[in-house]
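Working notes, beginning with the structure itself.
Each chain gets a letter, A, B and so on, in the order the sequences are listed, and its residues count up from 1.
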Amino acid sequence: MTTLYARYAAHIDAALDALEKEGVLQPGVDRRNLTVEPPRDASHGDLAANAAMVLAKPAGMNPRALAEALAAKLNAIDDVASVDVAGPGFINLRLTDDAWRAELTLIAEGGADYGRSTLGKGSIVNVEYVSANPTGPMHMGHCRGAVVGDALATLLEHAGHKVIREYYVNDAGGQVDVLARSAHLRYREALGEDVGEIPEGLYPGDYLIPVGQKLAHDHGDRFVGAPESDWLVLFRETAVAAMMDMIRADLALLGIHHDVFSSEAIVQREKKPEAAEAILREKGLVYDGVLEAPKGEVDPDWEPVTLPLFRSTQFGDDQDRPIKKSNGSWTYFGADMAYHFQKAQTADALIDIWGADHAGTVKRIKAAVTALTGGTKPFDVKLVQMVRLLRGGEPVKMSKRSGNFVTLADVVREVGKDVVRFTMLTRKADAQMDFDFAKVVEASKDNPVFYVQYAHARICSLKRKAAEAGITASGSELGRLDAADLGLAKLAAQLPRLVESAALAREPHRIAFYLYDLAAAFHSYWNSGNDDPTRRMFQADAPEVTAARLFLASAIGQVIANGLAIMGVAAAEEM
RNA sequence: GCGCCCGUAGCUCAGUUGGAUAGAGCACGAGCCUUCUAAGCUUGGGGCCGCAGGUUCGAAUCCUGCCGGGCGCGCCA
């Protein structure tokens, strides 16, 4: 399905072709920057085209003259009520009321699919998100990236992509060894030993107690005094598996389910880093060299060592990056580049969602993907800023040392999945955000979650009330819809365009802001019925008007529901 | 020292990838409830879009340089 705006872009293209044929416009002028958009100021019309201003100079024409010539062509289109040339050469189109009524019918026919686009042409996008280390339960630091990644994945699906939702399990580094040792302590504890305080440097959380118990149950006491080499791998794998079960359960609370969980350990076992290194050495992009001493603070322990380095400076990075440590094992980056190359085998484009604290490593991984794929796979890293947790304006205290951080599960239990998801999308990803427990559950218009949900619930309530009166929505009397009604219809008809532009920008928060605007317009309309009974959607003595407005309200409800679906938020039927 | 992100109303933030007179909410002022749900609505004031240049028909948006804030700059993950 093409959007209204795409249809008019095609009309303009055709009009330009005609002008070329008539000799008014010279052929071959670059048309790439032409747009058809709703004007910022609705009083200018329904659609605004910039074609005349963009083409005037390369075509050597006066922009207003070109605009007038185009306007004459566009005026002939059936759905166009009027065409104006304004300002420096804007072409403002006003559509007939019937054209907007037809949009309402499209919404009704489209149902849950209204707003879906074929823009992505079925190309495969791999979205990697969450990828929290498997060393404990999900906490609120992970939450925003999880929601943004998941909503972005759904958004891309609506925009016509096939999406792979992927989680990279960092089960190969030093942190999971620490996890294994922590589990060993809990294992001894489970066998009756008094282990006392959990020592510094190990994970203290209670969540490892059942892991220790399971290990004790399965293996008895034979690893109690055994050297680490006897049990480390076993304990690590057991603990990581348990952590991943926990993380999957936490994510499920948010309605998040990944398609693929990729293990760093398996990436290494399958020699993917070696393969990537060979490719890069072949291209002269990995060499054995010595890093310069770090700038800034002087480290007395720094010693020059020869390491295999990736030439990321060739792609704009500050320095070349080691892919192996001096002990011969792979660095995080060394494995990660191989992992990204692996993802690129089954996708046309890659997107990673990272916490902003990893911003410093974006250049090297982008460089590596470009180098390994020859630049054939577009790769975006979206950085998600931190969330500050508040309760009634006061920061929530978190003590990482005691393991008493605020877990995602606790927050979802307290405020609900829908509130968490919606709130996380009420700010663009690269802006910092406050999450105040008191505010997000507030039932007032200050709270966008509530405000949008309430609009949907109001529409459901209206339908129930009309059903009791024996009136059902009907698209056969849409002529009874007036200017105020059609104003709402115009806003509702924006959804397809919003889906496309939000998907192109990879910014799911735009859907949230759009829904807020739509809900505000709806509430405003609704309230106008307080003063003027003829503005009410339900009028028992005017069944035709009611049926038509019910059709309008249903369309708005559908659009809200579809937008919320992209965000992964349920559309409440009553509050 | 270098890199990345940010700077828009008193506050919190949008701004449709460069469009027309820069928007919304909160807060402040003025109105509105025997309600199709006031869990709100209507309306008013409030701006050097950090500063200075540049690019062009047009800049909050793109480029350069400053100023200010945040984050990062290990063979960590």
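- As judged by a 4.0 angstrom heavy-atom cut-off over every strand, A:Arg458 is placed among residues touching the sugar-phosphate backbone only.
- Here the nucleotide nearest the side chain of A:Arg427, chosen from B:A14, B:C75, B:G19, is B:A14.
- Using a 4.0 Å heavy-atom distance criterion, A:Phe333 is classed as making no nucleic acid contact.
- At the heavy-atom level, A:Gly89 lies nowhere under 4.0 Å from the strands shown.
- Looking at heavy-atom distances under 4.0 Å, A:Ala466 makes no contact with the nucleic acid at all.
- The aromatic ring of A:His509 is not stacked on the base of B:A14, since the criterion of ring centres less than 5.5 Å apart with planes inclined by under 30° is not met.
- Put simply, the side chain of A:Ser182 gets close to the backbone of A:Val178: a donor and an acceptor are under 3.5 Å apart.
- Base engagement by A:Asn92 is indicated by at least one non-hydrogen atom pair under 4.0 Å involving a base atom.
- Within the 4.0 angstrom heavy-atom criterion, base atoms lie near A:Val54.
- Within 4.0 Å (heavy atoms only), A:Pro322 reaches sugar-phosphate atoms of the nucleic acid but no base atom.
- Donor-acceptor pairing under 3.5 Å is lacking for the side chains of A:Tyr168 and A:Asp352.
- Within 4.0 Å (heavy atoms only), A:Asp41 reaches no atom of the nucleic acid at all.
- Under the 30°/60° scheme for interplanar angles, the aromatic rings of A:Trp354 and A:His358 are found to stand perpendicular.
- When distances are taken from the side chain of A:Leu462 to each of B:A77, B:C36, B:C6, the shortest belongs to B:C36.
- Within the nucleic acid shown, A:Thr331 comes within 4.0 Å of sugar-phosphate atoms alone, with no base atom in reach, counting heavy atoms only.
- Among the heavy atoms of the strands lying under 4.0 Å from A:Tyr332 is at least one base atom, whether or not backbone atoms are also near.
- Using a 4.0 Å heavy-atom criterion, one finds that A:Ala505 contacts the bases of the nucleic acid, with or without backbone contacts as well.
- In this structure, A:Ala502 reaches neither bases nor backbone, as no heavy-atom distance under 4.0 Å exists between it and the strands shown.
- Note: A:Phe522 and A:Trp526 have tilted aromatic rings, judged against thresholds of 30 and 60 degrees for the angle between ring planes.
- Mapped onto RNA chain B by nearest heavy atom, A:Ser326 and A:Leu504 fall at different nucleotides, with A:Leu504 at the one closer to the 5' end.
- The residue A:Tyr514 sits apart from the nucleic acid: no heavy atom pair falls under 4.0 Å.
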